[in-house]
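Here is the structure we will look at.
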2 protein chains.
Amino acid sequence: MLSNRQIKLIQSLKQKKFRSEHQLFIAEGEKIAAEVLSSNTFKIEAIYAVKAWIDKNELILQQFRNVVEVSNNELNKISQLTTVNQVLLLLNCKIQENLVPSKWTIVIDTLQDPGNLGTIIRVADWFGINEIILSKNSVDLFNPKVIQSTMGSFNRVSVKYEDLSIWLLSQTREIYGAVLGGTNLYKTIFPEYGILVLGNESKGISSELLKLISNHVEIPQEGGAESLNVSIACSIFSNEIMRQNFQR
Amino acid sequence: MLSNRQIKLIQSLKQKKFRSEHQLFIAEGEKIAAEVLSSNTFKIEAIYAVKAWIDKNELILQQFRNVVEVSNNELNKISQLTTVNQVLLLLNCKIQENLVPSKWTIVIDTLQDPGNLGTIIRVADWFGINEIILSKNSVDLFNPKVIQSTMGSFNRVSVKYEDLSIWLLSQTREIYGAVLGGTNLYKTIFPEYGILVLGNESKGISSELLKLISNHVEIPQEGGAESLNVSIACSIFSNEIMRQNFQR
């Protein structure tokens, strides 16, 4: 059984203001729950699940105190999904384990769409990049749409919010930016360690940051489209960096 | 001024049933309208726009008879967007101009998400691939979410619905499929002409089709993510095919 107070608290977490206030966020669904349970990145404050899911996960749940059995109807009330799944986790925003940073870091200026951030986290995780630095005005990692679209990868990729100019100036690795009109991606040789900078969905990288990027690189275009989505550009660059590392 | 009958008709076009019945679909926003006006792929049946947009496009609009000035409020009623834009086009579903097919064709089995189809059309357009073949149970091209997320590329890419087994058997080009466990993408040499097959968002390519694909290829994975989104996989494969063509 859920109290009205609990329902209200969980519902409030769709807003950044309340996530910050309570330092809590939610993650939903069987696949994502399995990933959270098997990793140690975020502390689980509570698990709300239907009986079938609790029965199936009986063994692993023995280590958690706060497991609350809920009805489908109750789950529906606290879920942010259109089609509710069997389980909703209440997680602490504080990262428990610090990852050893990967050779490459992805930096994004003013990323706005939650689906894009989720997809980029998933792409980074696929290619073994575990550090993403976002400008402070970017979409919040703990937005439910971000968390869900990572498909669980938020447990393996660190996302930090920084003043990008200051952060980039503090780096010793070479900096590459996805910039229309830059040199051809297919003629670019990437080093083993580096930083990849991507820009806002419609405005690209701000002119202030462009000055700090020594290598402007573009994905060659053959057809008529004017641009590519930022998560698509991120995946093509990450793949190219990975391919060169593989063939090194 | 819009009549109630017009408003009802346009609103009904968010459903496939009514798009098929009337053979009409909608496309919205300044950028997409500019692309449609400058191409000849789909016949424009009507243009609904606010005064500011009509004034700005006065010259090009002289060739169109059915331009209807609407208020913001009226546009709001017929729009499918959360933030309405200045113009909505009513287009005929019939393709007027047949494109010369590109060297590569993208084939997708049971694609379900409208955003994914829109993104894939945009990616194909970027890389100069202008033919996409979908299984008959895939998402409808004329779904407003598909059209909007192509960012105008639907004017330059032909999308057809076929029985994929029959279609693949009729082809002479070599067939490549994105399949987990296939050979390494970075060790694959693609021919100049070919067919790329991608699968459903959660189930991949059906076993029936897998038998018809001579080359199973996978994107090497370095980190922890179990899979990549189908539009991401499409962009990485398209980029790799393009890169090899560029360096040929």
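Chain letters run A, B, ... following the sequence lines, proteins first and then strands; every chain starts at 1.
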Q: Would you please go through residues 108-119 of chain B and name the residues with a non-hydrogen atom below 4.5 Å from one of chain A, in numerical order?
A: B/Thr119
(Q) Any non-hydrogen side-chain atom of B/Arg122 less than 4.5 Å from a side-chain atom of A/Ser227? (A) yes
**Q.** Interface moiety of B/Ser102 toward chain A, non-hydrogen atoms closer than 4.5 Å
**A.** neither
Q. Using a cut-off of under 4.5 Å for heavy-atom pairs, which of B/Ser149, B/Ser238, B/Ser231, B/Pro220 has the most such pairs with chain A?
A. B/Pro220
**Q.** Most chain B-contacting option - heavy-atom pairs closer than 4.5 Å, from A/Ile121, A/Asn184, A/Ile129
**A.** A/Asn184
Q) For the candidates B/Arg243, B/Gln221, B/Glu35, which exhibits the highest count of non-hydrogen atom pairs separated by less than 4.5 Å from chain A? A) B/Arg243
Q. Are side-chain heavy atoms of A/Lys187 and B/Phe246 found at a separation under 4.5 Å?
A. yes
Q) Of the backbone (N, CA, C, O) and the side chain (C-beta and beyond), which part of B/Asn130 lies under 4.5 Å from a heavy atom of chain A, both, or neither? A) neither
Q: Would you name the heavy atoms of B/Met242 and A/Tyr186 that are closest together and state the gap between them?
A: CG-OH, 3.2 Å
(Q) Just so I know, are the side chains of A/Ile236 and B/Trp126 near enough to count as touching, which here means a heavy-atom distance under 4.5 Å? (A) no
Q | Shortest non-hydrogen separation from A/Leu185 to B/Asn239 and the atoms involved | A | CD2-OD1, 4.2 Å
Q) Just wondering, more than 12 heavy atoms not from A/Lys203 lying within 6.0 Å of its NZ? A) no
Q. If every non-hydrogen atom of A/Ile232 is compared with every non-hydrogen atom of B/Ser235, which pair is closest and at what distance?
A. CG2-CB, 3.5 Å
Q | Neighbours of chain A found in residues 150-161 of chain B - heavy atoms under 4.5 Å | A | B/Ser153, B/Arg156
Q. Would you find a donor on one side and an acceptor on the other, under 3.5 Å apart, between the side chain of B/Asp125 and the backbone of A/Gly224?
A. yes
Q) Say you draw a straight line from NZ of A/Lys103 to CD of B/Glu222; how long is it, rounded to the nearest 0.5 Å? A) 8.0 Å
Q: Check each atom of B/Gln247 against the heavy atoms of chain A and say whether the ones under 4.5 Å are side chain, backbone, both or neither.
A: side chain
Q: Below 4.5 Å from any heavy atom of chain A, which atoms of B/Glu240 appear? Answer side chain, backbone, both or neither.
A: side chain
